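Before any comments, here is the structure.
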Amino acid sequence: MAECDICGKPATTRAIIEGAKLSVCARCAIYGQEMVAPTVRKPFAARPIRELEVVEGYGRLVRQARERTGLSRQDLARKLFIVENVLERIENEHLKPNETIAKKLEKELGIILLEEKKPEGTYTAPSFSSQKSQGRGLTLADMVEIKKK
(Lines give C-alpha, C1' and ligand atoms only; values in the text may rest on other atoms or scores of the structure.)
Protein backbone atom coordinates (compact mmCIF):
# COMPACT_ATOMS: atom_id res chain seq x y z
CA MET A 1 0.00 0.00 0.00
CA ALA A 2 1.37 3.43 -0.89
CA GLU A 3 1.93 6.16 1.63
CA CYS A 4 0.32 9.60 1.53
CA ASP A 5 2.73 11.97 -0.22
CA ILE A 6 1.82 14.74 2.26
CA CYS A 7 1.55 13.16 5.73
CA GLY A 8 2.90 9.61 5.33
CA LYS A 9 -0.30 7.77 6.37
CA PRO A 10 -1.65 5.00 4.12
CA ALA A 11 -2.87 6.55 0.83
CA THR A 12 -6.45 5.82 -0.18
CA THR A 13 -6.85 7.95 -3.31
CA ARG A 14 -5.11 10.19 -5.80
CA ALA A 15 -5.59 13.94 -6.00
CA ILE A 16 -4.32 16.93 -7.95
CA ILE A 17 -2.78 19.34 -5.45
CA GLU A 18 -1.22 22.54 -6.84
CA GLY A 19 -0.90 20.93 -10.27
CA ALA A 20 0.80 17.73 -9.08
CA LYS A 21 -0.82 14.30 -9.08
CA LEU A 22 -0.26 12.83 -5.63
CA SER A 23 -1.22 9.69 -3.71
CA VAL A 24 -2.96 10.99 -0.57
CA CYS A 25 -5.02 9.84 2.40
CA ALA A 26 -8.66 10.87 2.78
CA ARG A 27 -7.71 13.66 5.20
CA CYS A 28 -5.13 15.25 2.86
CA ALA A 29 -7.40 14.91 -0.23
CA ILE A 30 -9.28 18.05 0.88
CA TYR A 31 -6.23 20.18 -0.09
CA GLY A 32 -6.77 19.49 -3.77
CA GLN A 33 -9.17 17.96 -6.24
CA GLU A 34 -9.68 14.23 -5.90
CA MET A 35 -9.12 12.31 -9.11
CA VAL A 36 -11.99 10.05 -9.97
CA ALA A 37 -11.08 6.81 -11.69
CA PRO A 38 -12.57 6.69 -15.17
CA THR A 39 -15.60 4.48 -15.33
CA VAL A 40 -15.14 1.44 -17.45
CA ARG A 41 -17.84 1.29 -20.05
CA LYS A 42 -19.23 -1.99 -21.12
CA PRO A 43 -18.62 -2.71 -24.78
CA PHE A 44 -21.51 -1.68 -26.98
CA ALA A 45 -23.63 -4.69 -27.75
CA ALA A 46 -24.35 -4.45 -31.42
CA ARG A 47 -28.00 -4.90 -32.17
CA PRO A 48 -28.93 -6.38 -35.48
CA ILE A 49 -29.80 -3.62 -37.92
CA ARG A 50 -33.36 -3.90 -39.10
CA GLU A 51 -33.89 -2.62 -42.57
CA LEU A 52 -37.44 -1.44 -43.07
CA GLU A 53 -39.33 -0.84 -46.27
CA VAL A 54 -42.72 0.66 -47.05
CA VAL A 55 -45.50 -1.86 -47.75
CA GLU A 56 -47.12 -2.21 -51.16
CA GLY A 57 -50.22 -0.03 -51.64
CA TYR A 58 -49.12 2.42 -48.92
CA GLY A 59 -50.96 5.34 -50.56
CA ARG A 60 -54.32 3.59 -50.50
CA LEU A 61 -53.75 2.54 -46.88
CA VAL A 62 -52.99 6.10 -45.81
CA ARG A 63 -55.96 7.59 -47.70
CA GLN A 64 -58.44 5.01 -46.37
CA ALA A 65 -57.23 5.39 -42.78
CA ARG A 66 -57.32 9.20 -43.01
CA GLU A 67 -60.86 9.14 -44.39
CA ARG A 68 -61.93 6.62 -41.75
CA THR A 69 -60.73 8.97 -39.00
CA GLY A 70 -62.57 11.88 -40.64
CA LEU A 71 -59.47 14.04 -41.09
CA SER A 72 -58.79 16.20 -44.11
CA ARG A 73 -55.36 16.15 -45.70
CA GLN A 74 -54.73 19.60 -44.30
CA ASP A 75 -55.66 18.56 -40.74
CA LEU A 76 -53.53 15.40 -40.85
CA ALA A 77 -50.57 17.27 -42.33
CA ARG A 78 -50.77 19.84 -39.51
CA LYS A 79 -50.92 17.09 -36.86
CA LEU A 80 -47.84 15.41 -38.32
CA PHE A 81 -45.95 18.67 -38.93
CA ILE A 82 -45.53 17.95 -42.64
CA VAL A 83 -46.54 19.86 -45.77
CA GLU A 84 -49.97 19.01 -47.18
CA ASN A 85 -48.43 18.53 -50.65
CA VAL A 86 -46.15 15.80 -49.25
CA LEU A 87 -49.16 13.97 -47.79
CA GLU A 88 -50.99 14.25 -51.11
CA ARG A 89 -47.99 12.84 -52.99
CA ILE A 90 -47.76 9.96 -50.49
CA GLU A 91 -51.44 9.13 -50.93
CA ASN A 92 -51.02 9.17 -54.74
CA GLU A 93 -47.89 7.00 -54.36
CA HIS A 94 -45.74 9.56 -56.15
CA LEU A 95 -43.54 9.77 -53.03
CA LYS A 96 -42.51 7.00 -50.65
CA PRO A 97 -42.54 8.27 -47.08
CA ASN A 98 -39.24 8.12 -45.24
CA GLU A 99 -39.05 6.13 -42.01
CA THR A 100 -39.82 9.15 -39.80
CA ILE A 101 -42.96 10.19 -41.68
CA ALA A 102 -44.09 6.57 -42.02
CA LYS A 103 -43.83 6.07 -38.25
CA LYS A 104 -45.82 9.28 -37.64
CA LEU A 105 -48.52 8.09 -40.04
CA GLU A 106 -48.60 4.65 -38.40
CA LYS A 107 -49.03 6.14 -34.96
CA GLU A 108 -51.64 8.73 -35.94
CA LEU A 109 -53.73 6.51 -38.20
CA GLY A 110 -53.24 3.14 -36.49
CA ILE A 111 -51.92 1.41 -39.60
CA ILE A 112 -48.76 -0.50 -40.48
CA LEU A 113 -46.67 1.03 -43.25
CA LEU A 114 -43.21 -0.38 -42.49
CA GLU A 115 -42.14 -3.99 -42.67
CA GLU A 116 -38.77 -5.68 -42.44
CA LYS A 117 -36.95 -5.75 -45.73
CA LYS A 118 -36.57 -9.20 -47.16
CA PRO A 119 -32.99 -10.04 -48.11
CA GLU A 120 -32.46 -9.98 -51.85
CA GLY A 121 -31.57 -13.19 -53.56
CA THR A 122 -33.31 -15.41 -51.05
CA TYR A 123 -35.62 -18.03 -52.39
CA THR A 124 -37.92 -20.25 -50.47
CA ALA A 125 -38.37 -23.44 -52.40
CA PRO A 126 -41.82 -24.92 -52.66
CA SER A 127 -42.25 -28.21 -50.90
CA PHE A 128 -42.75 -31.11 -53.25
CA SER A 129 -43.98 -34.49 -52.22
CA SER A 130 -43.20 -36.35 -55.40
CA GLN A 131 -42.09 -39.96 -55.03
CA LYS A 132 -38.78 -39.15 -56.75
CA SER A 133 -37.63 -36.63 -54.18
CA GLN A 134 -38.92 -38.36 -51.07
CA GLY A 135 -36.18 -39.19 -48.65
CA ARG A 136 -33.47 -37.11 -50.33
CA GLY A 137 -34.94 -33.59 -50.30
CA LEU A 138 -35.54 -31.15 -53.12
CA THR A 139 -33.47 -31.62 -56.26
CA LEU A 140 -32.84 -29.36 -59.23
CA ALA A 141 -34.93 -31.65 -61.39
CA ASP A 142 -37.91 -31.08 -59.09
CA MET A 143 -37.76 -27.35 -59.81
CA VAL A 144 -37.18 -27.39 -63.56
CA GLU A 145 -40.11 -27.26 -65.92
CA ILE A 146 -39.33 -29.11 -69.09
CA LYS A 147 -41.00 -27.86 -72.24
CA LYS A 148 -41.96 -30.60 -74.63
CA LYS A 149 -42.12 -29.89 -78.36
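For the single chain, residues carry numbers from 1 onward in sequence order. The structure displayed is predicted, hence computed values, not measured ones.
The salt bridge (Lys or Arg N to Asp or Glu O under 4.0 Å) test applied to Glu67 returns no partner, not counting sequence neighbours. Scored by the side-chain contact (heavy atoms from CB on, under 4.5 Å) test, Glu51 finds Lys117 as partners (sequence neighbours excluded). Applying the salt bridge (Lys or Arg N to Asp or Glu O under 4.0 Å) test to Glu91 and every residue at least two apart in sequence or in another chain returns Arg63, Arg66, Arg73. Under the rule for a salt bridge (Lys or Arg N to Asp or Glu O under 4.0 Å), the partners of Lys103 that lie at least two apart in sequence or sit in another chain are Glu99.
Of the possible donor and acceptor atoms, one in the side chain of Asn98 sits under 3.5 Å from a partner among the backbone N and O of Thr100.
Distance check: Leu95 CG to Ile101 CD1 gives 7.0 Å after rounding to the nearest 0.5 Å.
Using a 4.5 Å cut-off on side-chain heavy atoms (C-beta onward), Leu52 and Glu116 make contact. Looking at Leu114 and Val55, their side chains never come closer than 4.5 Å, going by heavy atoms from C-beta outward.
Hydrophobic clustering (side-chain heavy atoms under 4.5 Å, transitive across Ile, Leu, Val, Met, Phe, Trp, Tyr) keeps Val54 apart from Ile112.
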Let me check something: any side-chain donor-acceptor pairs from residues 75-87 under 3.5 Å, sequence neighbours excluded? List them with distances.
residue, atom, partner, partner atom, Å
Asp75, OD2, Ser72, OG, 3.1
Lys79, NZ, Glu108, OE2, 3.2

Side chains of residues 16-36: which donor-acceptor pairs under 3.5 Å do they make with residues two or more places apart or in other chains?
residue, atom, partner, partner atom, Å
Ser23, OG, Arg14, NH1, 3.2
Glu34, OE2, Thr13, OG1, 3.0

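Nearest heavy-atom pair across Val62 and Leu109 is O-CD1, 3.9 Å.
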